[in-house]
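Sequence positions, counted from 1, serve as the residue numbers for this chain.
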Amino acid sequence: MTAVTAVTAVTAPADIRILAADDHSLLREALCDLLELTPGLTVVGQTGDGTEAVRLAAALRPDLVLLDLDMPGPGPVATVRALHAAVPGVRVVVLTMHGDSGLVGSLLAAGAAGFLHKGVERNVLVAAIRGAMAGDTTVIYHREQAGAAPGPAPSTAAPTPTTETLTVREREVLMCVAQAMSNRQIARTLAIAEGTVKRHLRNIFDKLGATSRLDAVNKGLHHEAGVVTPPPRQAPAPALRPAGVPPRP
């Protein structure tokens with residue numbers, strides 16, 4: 001019997017309301033606990049069945065659905081379409097341990113806003129959720145699981161860019177993006193205007209050849225690239241000293 005849970009929560013206006021659908025109950029509950037600890041995210045319901053996910057979505061009207069690929073129900077592509085029919089405008093991010101590139105294309109064509117391997121780190125998942133709500137599309141899966149034939153595939157892509165091309169300020173902005181900060185939070189952290197943050201992001205996208213915030217993080221900050229490791233969030237800057245007051249010895 002499939003477990004279905006609807007959660008009644010007091011949600012701040014800016015919170016992203018999430019429905020989690022995964023038939024592995026322990027993983028699903030751990031995921032929901034993680035999301036609930038993240039500011040700006042609220043889990044409004046969870047289920048382990050695709051059909052129930054559509055029913056709950058229609059009842060709870062979430063902003064975003066995290067959908068497990070391998071789950072009882074009509075199948076992932078049909079479930080994504082049914083979710084959009086039940087809740088027009090809902091964002092759907094698919095989570096999986098697999099990486100079939102053909103299925104990725106079918107899911108995106110059906111309206112999925114993202115396709116993430118379950119091995120991604122927490123900050124990547126959070127950034128994907130916020131990116132989906134901002135209109136970004138994120139795809140991350142392990143190539144060795146994508147069903148490709150053995151042997152090296154011919155490369156037609158340009159060499160992977162690195163943050164060597166970025167200015168110091170652009171690196172700071174990218175590190176903030178890697179911590180799933182919004183543009184407003186980045187502006188506050190770096191003491192710059194929000195419009196300046198957007199300009200830096202455009203420059204970062206151009207230099208790294210990125211198509212989304214998460215794509216920029218993967219290309220510039222992912223540990224496999226061996227380029228930069230995001231630092232922990234810095235404490236707020238100390239208050240400015242009034243003019244004419246000498247510093248303490």
Side-chain angles (χ1 to χ4, degrees), residues 9-20 30-44 62-66 89-93 95 113-114 116 120-140 161-163 165-223 225 227-241:
V10 178
T11 307
D15 280 3
I16 298 173
R17 305 175 73 255
I18 298 172
L19 171 65
L31 173 64
C32 291
D33 289 343
L34 179 150
L35 295 173
E36 283 288 355
L37 292 173
T38 304
L41 304 183
T42 297
V43 177
V44 295
D63 300 310
L64 182 141
V65 177
L66 290 175
V90 71
R91 310 297 287 173
V92 181
V93 174
L95 302 177
L116 297 180
V120 299
E121 297 179 356
R122 171 186 172 277
N123 64 321
V124 175
L125 172 62
V126 173
I129 290 171
R130 290 181 173 152
M133 295 307 301
D136 290 341
T137 298
T138 302
V139 176
I140 300 177
T162 71
T163 53
T165 60
L166 302 183
T167 66
V168 172
R169 179 62 86 187
E170 287 165 354
R171 293 188 189 193
E172 291 173 344
V173 170
L174 190 54
M175 288 177 183
C176 290
V177 171
Q179 296 173 63
M181 291 188 192
S182 66
N183 287 353
R184 181 172 298 179
Q185 290 171 322
I186 295 172
R188 190 181 303 123
T189 299
L190 300 180
I192 57 179
E194 193 169 342
T196 303
V197 173
K198 293 178 181 179
R199 187 176 73 250
H200 285 313
L201 285 172
R202 285 195 297 269
N203 292 339
I204 291 169
F205 284 13
D206 290 342
K207 291 180 178 181
L208 296 181
T211 58
S212 71
R213 296 167 77 95
L214 199 44
D215 190 26
V217 170
N218 291 334
K219 290 180 176 178
L221 299 178
H222 196 281
H223 63 86
V227 179
V228 179
T229 301
R233 287 198 180 189
Q234 298 177 348
L240 293 177
R241 188 173 64 253

Could you walk me through whether Asn183 and Leu201 pass the side-chain contact (heavy atoms from CB on, under 4.5 Å) test, one step at a time? CA-CA 9 Å; Asn183 287 353; Leu201 285 172; 3.3 Å; yes

Contact between [X] and [Y] at the side-chain level, heavy atoms closer than 4.5 Å - yes or no?
| X | Y | result |
| --- | --- | --- |
| Asn203 | Thr167 | no |
| Leu190 | Met181 | no |
| Arg202 | Arg199 | yes |
| Thr42 | Glu36 | yes |
| Leu95 | Leu125 | yes |

Heavy-atom closest pair, residues [X] and [Y]:
| X | Y | result |
| --- | --- | --- |
| Leu64 | Ala132 | CD1-CB, 3.8 Å |
| Leu35 | Val43 | CB-CG2, 3.8 Å |
| Ala187 | Ala193 | CB-C, 4.0 Å |
| Pro62 | Ile18 | CB-C, 4.3 Å |

State the CD-CD distance between Gln185 and Glu194, to the nearest 0.5 angstrom.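 Between atom CD of Gln185 and atom CD of Glu194 there are 10.5 Å.
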
Between atom CG of Leu34 and atom CZ of Arg122, what is the distance when rounded to the nearest 0.5 Å?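 Reported value, rounded in 0.5 Å steps: 5.5 Å.
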
Check against side-chain contact (heavy atoms from CB on, under 4.5 Å), Ile186 and His200: CA-CA 11 Å; Ile186 295 172; His200 285 313; over 6 Å; no

Between Arg169 and Thr196, is there a side-chain donor-acceptor contact under 3.5 Å, judged purely by atom types and distance?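 Judged by distance alone, the side chains do not pair up.
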
Do Arg91 side-chain atoms and Ala113 backbone N/O form a donor-acceptor pair below 3.5 Å?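 Pair absent, no side-chain N/O of Arg91 close to backbone of Ala113.
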
side-chain contact (heavy atoms from CB on, under 4.5 Å) for Leu66 and Ile129? Distances and angles first, verdict last. CA-CA 9 Å; Leu66 290 175; Ile129 290 171; 4.3 Å; yes

